[in-house]
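Each chain gets a letter, A, B and so on, in the order its sequence line appears, and its residues count up from 1. What you see is a predicted model, and the numbers here were worked out from it, not measured in a lab.
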Amino acid sequence: MPEGHTIHRLASDYAARFSGTAPRVTSPQGKFSDAADLLDKSVLTATEAHGKHLFLRFRDTDWVHIHLGLFGKVTFGDAPAPPPTDTVRLRLADDTSYVDLRGPTACALITPDEKRAIHDRLGPDPLRDDADPDAVYRRVSRSRTTIAALLMDQKVIAGVGNVYRAEVLFRHGIDPYRAGKDVTPAEWRAIWADLVELMREGVRNNRIDTVRPEHMPEAMGRPPRVDDHGGEVYVYRRANLPCHICGGEIRTAGLAARNLFWCPACQRA
DNA sequence: AGCTCATGGCGAG
DNA sequence: TCGCCCTGAGCTG
């Protein structure tokens with residue numbers, strides 16, 4: 001699940017359930033026990049997301065840094081909390097709610113300096129008000145690296161993952177192997193605006209939908225699609241299936257240890 | 001029971 | 001570029 005929209009949604013959901021309360025903090029799995037003891041029954045005062053990084057603040061300056069990685073999952077529920085399974089890294093629980101974190105790449109108590117360092121090594125996030133798309137373009141437009149790789153580089157732009165990358169390149173008719181320097185200013189402005197819109201909708205719906213209504217399979221006279229990752233998409237994990245627009249075959253290839261998906265007919269070099 | 005794969009990212013070589 | 005870390009679902013037997 002975890003691209004940037006998921007993390008922003010989690011920041012908001014953690015806040016909605018626990019902001020201003022002093023929950024029990026535990027680490028049934030044990031790997032976060034020492035920090036959990038320090039934080040137990042202290043007030044959750046803020047939550048924040050930057051790209052795929054989630055931050056929970058307890059008291060004044062006690063920040064918990066969470067990164068879900070590829071496998072991390074968060075589940076919310078109403079009290080009473082069930083007995084935790086042995087993979088729960090972090091549980092918050094109060095009289096009304098509980099939330100379990102499993103399988104994160106990172107879950108650590110950090111200092112404000114360490115938090116600043118994390119922000120400093122992340123690029124602008126389309127879901128944050130402080131993001132500057134021109135700063136991203138300055139970097140993209142000077143690079144011989146492919147636009148597909150640049151979009152996944154969190155130092156360049158934070159929060160885009162494998163699904164948004166594939167989908168936004170399709171929506172703008174851009175071949176994933178095109179070099180960053182060959183993306184025009186107009187194309188970049190359109191890509192950025194689209195990411196802001198798509199990812200905001202992703203936060204609202206808690207899933208990734210990218211297919212315009214007029215291209216939905218039903219509207220195109222094709223059978224409705226049942227998709228195992230949730231959202232309605234043009235190319236992501238649709239290798240060898242017909243393109244929603246031109247009917248040609250969607251292709252897949254490896255790029256930097258991830259699977260890339262695109263329509264060679266619709267996306268121009 | 002064991003294998004593969006997944007919306008991520010790090011460090012070693 | 002590879003191996004590795006984290007978990008769980010969906011296969012295959």
Side-chain angles (χ1 to χ4, degrees), chain A residues 1-11 13 27-33 35 49-55 64-75 82 84-91 99-108 110 114 117-123 125-127 145-146 148-171 176 195 198-211 225-240 250 252-262:
Chain A
M1 312 287 186
E3 294 195 26
H5 69 300
T6 302
I7 311 308
H8 282 261
R9 175 61 180 257
L10 286 174
D13 288 350
S27 180
Q29 180 205 42
K31 288 191 184 179
F32 193 65
S33 292
H50 185 165
K52 299 166 188 169
H53 297 254
L54 174 65
F55 303 94
V64 177
H65 171 226
I66 294 169
H67 193 292
L68 296 185
L70 196 49
F71 311 135
K73 276 186 179 54
V74 174
T75 50
T85 58
D86 58 11
T87 56
V88 175
R89 181 79 58 88
L90 171 64
R91 166 175 282 190
V99 55
D100 285 344
L101 167 68
R102 287 184 174 80
T105 290
C107 175
I110 60 170
E114 290 170 325
I118 293 166
H119 290 296
D120 287 349
R121 65 177 158 78
L122 290 173
D125 176 348
L127 288 171
T145 305
T146 61
L150 289 166
L151 284 172
M152 290 284 280
D153 184 343
Q154 304 296 301
K155 296 186 297 300
V156 174
I157 177 171
V160 175
N162 209 16
V163 183
Y164 283 122
R165 148 174 97 171
E167 295 301 305
V168 81
L169 289 175
F170 178 88
R171 284 168 60 99
L195 283 172
L198 288 173
M199 293 177 77
R200 281 183 184 163
E201 196 194 345
V203 175
R204 271 196 301 279
N205 301 336
N206 220 355
R207 51 179 254 179
I208 298 177
D209 298 287
T210 62
V211 180
R225 196 167 59 85
V226 179
D227 184 34
D228 61 357
H229 66 269
E232 207 59 58
V233 293
Y234 284 106
V235 292
Y236 175 69
R237 272 167 65 168
R238 296 197 63 246
N240 308 317
I250 301 302
T252 186
L255 183 77
R258 309 304 298 279
N259 293 319
L260 182 60
F261 302 88
W262 79 104

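Side-chain atoms of A/M152 lie closest to B/dG8 of the nucleotides C/dG8, B/dG8, C/dC6.
Put simply, CZ on A/F261 and CZ on A/R238 are 11.0 Å apart, with the number rounded to the nearest 0.5 Å.
Nearer the 5' end of DNA chain B, as judged by each residue's closest nucleotide, is the contact made by A/F261, out of A/F261 and A/R121.
Here A/Q29 lies in heavy-atom contact (under 4.0 Å) with sugar-phosphate atoms only. Counting any heavy atom pair closer than 4.0 Å across all strands shown, A/K31 reaches sugar-phosphate atoms only and no base atom.
Applying the 4.0 Å criterion to OP1 and OP2 of B/dT7, one finds that A/R258 has a side-chain N or O inside that range. Between B/dT7 and A/Y236, a contact under 4.0 Å exists linking OP1 or OP2 to a side-chain N or O. At the phosphate of C/dG8, OP1 or OP2 sits under 4.0 Å from a side-chain N or O atom of A/R102. Look at A/T87 and you won't find any side-chain N or O under 4.0 angstrom from OP1 or OP2 of C/dC6. Taking 4.0 angstrom as the limit, A/H67 places a side-chain polar atom (N or O) nearer than this to OP1 or OP2 of B/dG9.
Computed from coordinates, the A/M199 CE to B/dT7 C1' distance equals 11 Å when rounded to whole Å. To the nearest angstrom, P of B/dA6 lies 9 Å from CG of A/N162. In this entry the distance linking NZ of A/K73 with P of B/dC5 reads 17 Å, nearest Å.
Using atom P as the reference point in both C/dC5 and B/dG13, the two lie 15 Å apart (nearest Å). Rounded to the nearest Å, the gap between the C1' atom of B/dT7 and that of C/dT1 is 22 Å. B/dC5 and C/dC2 have their P atoms separated by 15 Å, given to the nearest Å.
Stacking between A/F71 and C/dC6 is absent: the ring centroid is not both under 5.5 Å from the six-membered base ring centre and under 30° in plane angle.
Between A/Y164 and A/H5, the ring planes are perpendicular. Angles over 60° get that label, and only those under 30° would be called parallel.
Centroid-to-centroid, the aromatic rings of A/F55 and A/H50 stay 6.0 Å apart or farther.
Tested against A/R165, the residues A/L150, A/L195, A/V160 include a single side chain to side chain contact (heavy atoms under 4.5 Å, CB included) partner, A/V160.
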